[in-house]
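Nothing here was measured: the structure is a model prediction, and the numbers come from that model. Lettering follows sequence order; numbering is per chain, from 1.
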Amino acid sequence: MVPVQWYLLLAAVLFGVGLVGVLIKRNALIVMMCIELMLNAANLTFLAFARQQGNIGGHAIAFFVIAVAAAEAAVGLAIVIAIYRTTGSVNVDDVRELREEG
Amino acid sequence: MTQTTGKLLGWILGTALAIGFVVVMGQLAIGPAAQSMVPAPATSAGLTEVLFYVLAGVTIAGAAGVALSHNILYSAIGLLMALLGAGSLYVFLSADFLAVAQLLIYIGGVLVLVLFAVMLTNRITEITVSNTSLGLWGGLMLFVAVAPVLLAVALVTPWATITPAAAAHTTETIGDALLSRWLLPFEVASLVLLASLVGAVAIARKEIKAD
């Protein structure tokens with residue numbers, strides 16, 4: 001049986017990679033993919049602890065995380081498509097109409 | 001030609017470095033700690049661990065592909081690999097129901113949605129233009145700043161361990177838990193899904209003027 005620390009290590013690396021991707025990529029779609037990666041890392045942690053503690057609550061929370069991720073993907077991709085239709089770009093740095101000048 | 005070879009070498013080197021990093025960190029810190037905490041059953045050490053290493057490698061390689069690839073389609077394929085690897089690891093965590101849910105919702109739903117958005121927003125021939133990235137060094141430094149902290153927390157904390165139960169069918173218990181202990185979050189999640197469905201349609205549709 002693989003000890004729980006291995007899963008925590010894997011989840012930490014996965015979260016780190018996702019965080020780096022969010023910060024260095026300027027394409028909104030890839031930013032969303034990296035957010036999915038971070039959510040998966042959190043899920044992995046929940047499930048590792050759920051197995052370790054023999055507790056079903058981790059499974060329930062991971063299930064909710066998946067549901068929220070699906071909702072986030074649907075709304076986020078709709079927003080990305082709407083922005084693309086308006087500005088012709090999916091670069092997150094180009095979308096700053098609401099930002100104060102200066 | 002040499003550039004492609006160099007790039008390929010870089011990718012292979014990077015993946016090997018990532019996997020080696022995890023393995024070395026694990027060996028370094030888990031080795032004595034895990035043996036003192038859990039009397040590891042020596043019989044089941046073989047196939048499960050090898051499969052865990054392989055799946056962890058697939059997951060991390062996929063994640064690195066998402067975060068570092070220059071082609072957005074490769075990023076989508078990397079996301080597929082990462083999600084598949086993580087979903088397979090759920091099976092090892094005796095979470096069979098969530099593994100199936102991951103397969104259906106993430107790979108069947110979210111990934112297809114992402115691919116549709118990729119196709120809708122990028123002209124495939126101009127892929128490299130649409131996928132610039134900021135400085136890799138900043139990202140690398142951020143990774144160096146974040147990952148070791150999480151790793152140290154995972155390794156140093158003396159997690160209270162009990163002997164994990166053998167793999168059982170979790171679907172029935174999850175169903176019971178969702179409709180008793182987690183009933184309110186369950187209903188709220190259904191509301192969230194409904195609202196996001198309506199919201200996504202409302203945002204993404206084309207405005208049709210009446211006049």
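Contact annotation: the side chain of B/L155 approaches that of A/L9 to within less than 4.5 Å [non-hydrogen atoms, C-beta and beyond].
When every heavy atom of B/L115 is checked against every heavy atom of B/A76, the shortest pair comes out as CD2-CB, 3.7 Å. What you find for B/L113 and A/A74 is that their closest heavy atoms are CD2-CA, 3.7 Å.
With sequence neighbours excluded, no residue satisfies side chain to side chain donor-acceptor pair (under 3.5 Å) with A/N43.
Checked against the 6.0 Å centroid threshold, B/F97 and A/F63 count as a close aromatic pair.
In this structure, chain B has a heavy atom under 4.5 Å from the side chain of A/I56, while its backbone stays farther away. At a 4.5 Å heavy-atom cutoff, A/E72 makes no contact with chain B through either its backbone or its side chain. B/R205 touches chain A through its backbone: at least one of N, CA, C or O sits under 4.5 Å from a heavy atom, while the side chain does not. For A/I83, no part lies near chain B; criterion is any non-hydrogen pair under 4.5 Å. If you measure heavy-atom distances from A/L77 to chain B, the contacts under 4.5 Å come from the side chain alone. For chain B, the nearby part of A/F64 is the side chain; its heavy atoms alone come within less than 4.5 Å.
Between B/F52 and A/W6, the angle of the ring planes goes over 60°, which puts this pair in the perpendicular group of the 30/60° scheme.
Looking only at heavy-atom pairs under 4.5 Å with chain B, the residue among A/L14, A/I81, A/I66 that has the most is A/I66. No other option in A/A71, A/G21, A/A50 has as many heavy-atom pairs under 4.5 Å with chain B as A/A71.
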